[in-house]
Amino acid sequence: MNQYKATILIVDDTPINIQILSEILKNDYHLKVATSGEKAIEIASSGERIDLILLDIVMPTIDGYQVCRRLKAENNTNKIPIIFVTAKNDVDDEEAGFNLGAVDYIIKPFHPAIVKVRVRNQVSLKLKSDLLEELAQIDGLTQIFNRRYLDGRLPLILDECQKQQQKLSLVMIDVDYFKNYNDNYGHGMGDVCLIELAKCLKKYVNMVKGALVARYGGEEFVLVLPELEKEEVISLVDQVIKAVEKLQIQHAYSKVSPFITISAGLAIFLPFKLDAASNVLAIADKALYQAKSNGRNQLVTFS
Ligand SMILES: Nc1nc2c(ncn2[C@@H]2O[C@H](COP(=O)(O)OP(=O)(O)OP(=O)(O)O)[C@@H](O)[C@H]2O)c(=O)[nH]1
């Protein structure tokens, strides 16, 4: 089995300390090093995955406490566990480190076996909490993002679109006559159908940079498509609607097609018209309602 190798950032202004820690940990982890607080913040904020930081306290310009404070204040770095590694063995110093959000405190001189165990414990906790977080964002049936993820992510996407002055398109999708499908083919077949639909939607969303698809509820899906022009997004959603029918999932109890079809409501927003997440979703939902009323298996666009 391919075991994930965690990445540890060692921060110390004294090269010999980095060397000693590297010797202890190099066989089990990917290592990165920084010889100043500034460099540590730069590496941790770069977007590269860091699973643990071993942080010296006494360093020139920015000390370890400040580094810790700054990393804990930022959304993209506050989940990286920090272990202070220091010669400061006063209880007050240790307490100060924990109060800043550190998960452990190792006192120099190092005892290699103890360093290994303490690092292993924290890395193991970090990997478990990452996994839990990931699972909490994924819909168990279709394996695409769930509503919880969309609710957390959409406000950030709206902010970003406003900042970058980009358009944003939202598509609310609903399966046509799905109750009839379930009632006649059974809930199990209904589940298989939702899985196939999610795969199809994902295939199209993967073609668009920054786009995402989420299962919004039972048989409802949402596509978030930043940056696209009106003609591009309409053409894409039309293709998706046709692709779903082409899956040829038999639906003898639908009134629009012998196969499973979807209706879609598209709402396109200009950056200066972007509203709260719940409002932009409500507008896409209105467009979807219109698509249903117009006869289903079609797209209605509000822009
Ligand atoms: N198999 C399965 N069915 C689900 C799931 N979640 C919701 N549903 C079903 O989806 C159906 C939705 O039915 P309705 O809201 O009446 O909509 P519809 O029959 O598709 O009618 P229109 O939307 O008007 O075309 C219900 O039968 C739900 O039980 C799920 O996870 N699996």
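Atom set for the values below is all heavy atoms of this structure, side chains included, hydrogens, waters and symmetry mates excluded. Atoms within each ligand, like the ligands themselves, are counted from 1 in listed order.
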**Q** Quick one, list the residues around ligand 1 where some non-hydrogen atom comes in under 4.0 Å, by chain and residue number.
**A**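 Answer by chain and number: D174, V175, D176, Y177, F178, K179, N182, H187, G190, D191, L194, R215, G218, E219, K292, R296.
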**Q** State plainly whether the residues E245 and K242 are in salt-bridge range, i.e. N to O under 4.0 Å.
**A**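 Between K242 and E245 there is no salt bridge, as every charged N stays at least 4.0 Å from the carboxylate O atoms.
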**Q** Please check if L125 and L54 belong to a single hydrophobic cluster, counting links between Ile, Leu, Val, Met, Phe, Trp and Tyr side chain heavy atoms closer than 4.5 Å.
**A**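 Unlinked, L125 and L54 end up in two clusters.
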**Q** Do H251 and Y253 have side chains that approach each other closer than 4.5 Å (heavy atoms only, starting at C-beta)?
**A**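 Result yes, sub-4.5 Å side-chain heavy-atom pair found.
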**Q** May I have all residue pairs that pass ring pair (Phe, Tyr, Trp, His ring centres under 6.0 Å) and include part of residues 61-90, sequence neighbours excluded?
**A**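 For residues 61-90: Y65-F84.
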**Q** Which residue pairs satisfy the salt bridge (Lys or Arg N to Asp or Glu O under 4.0 Å) criterion with at least one member in residues 291-300, sequence neighbours excluded?
**A**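 Residue pairs passing salt bridge (Lys or Arg N to Asp or Glu O under 4.0 Å), neighbours aside: D174-K292, D176-K292.
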**Q** Applying salt bridge (charged side-chain N to carboxylate O under 4.0 Å, His left out), can you list everything that pairs with D130, at least two apart in sequence or on another chain?
**A**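 For D130, the residues satisfying salt bridge (charged side-chain N to carboxylate O under 4.0 Å, His left out) (neighbours in sequence not counted) are R49, K126.
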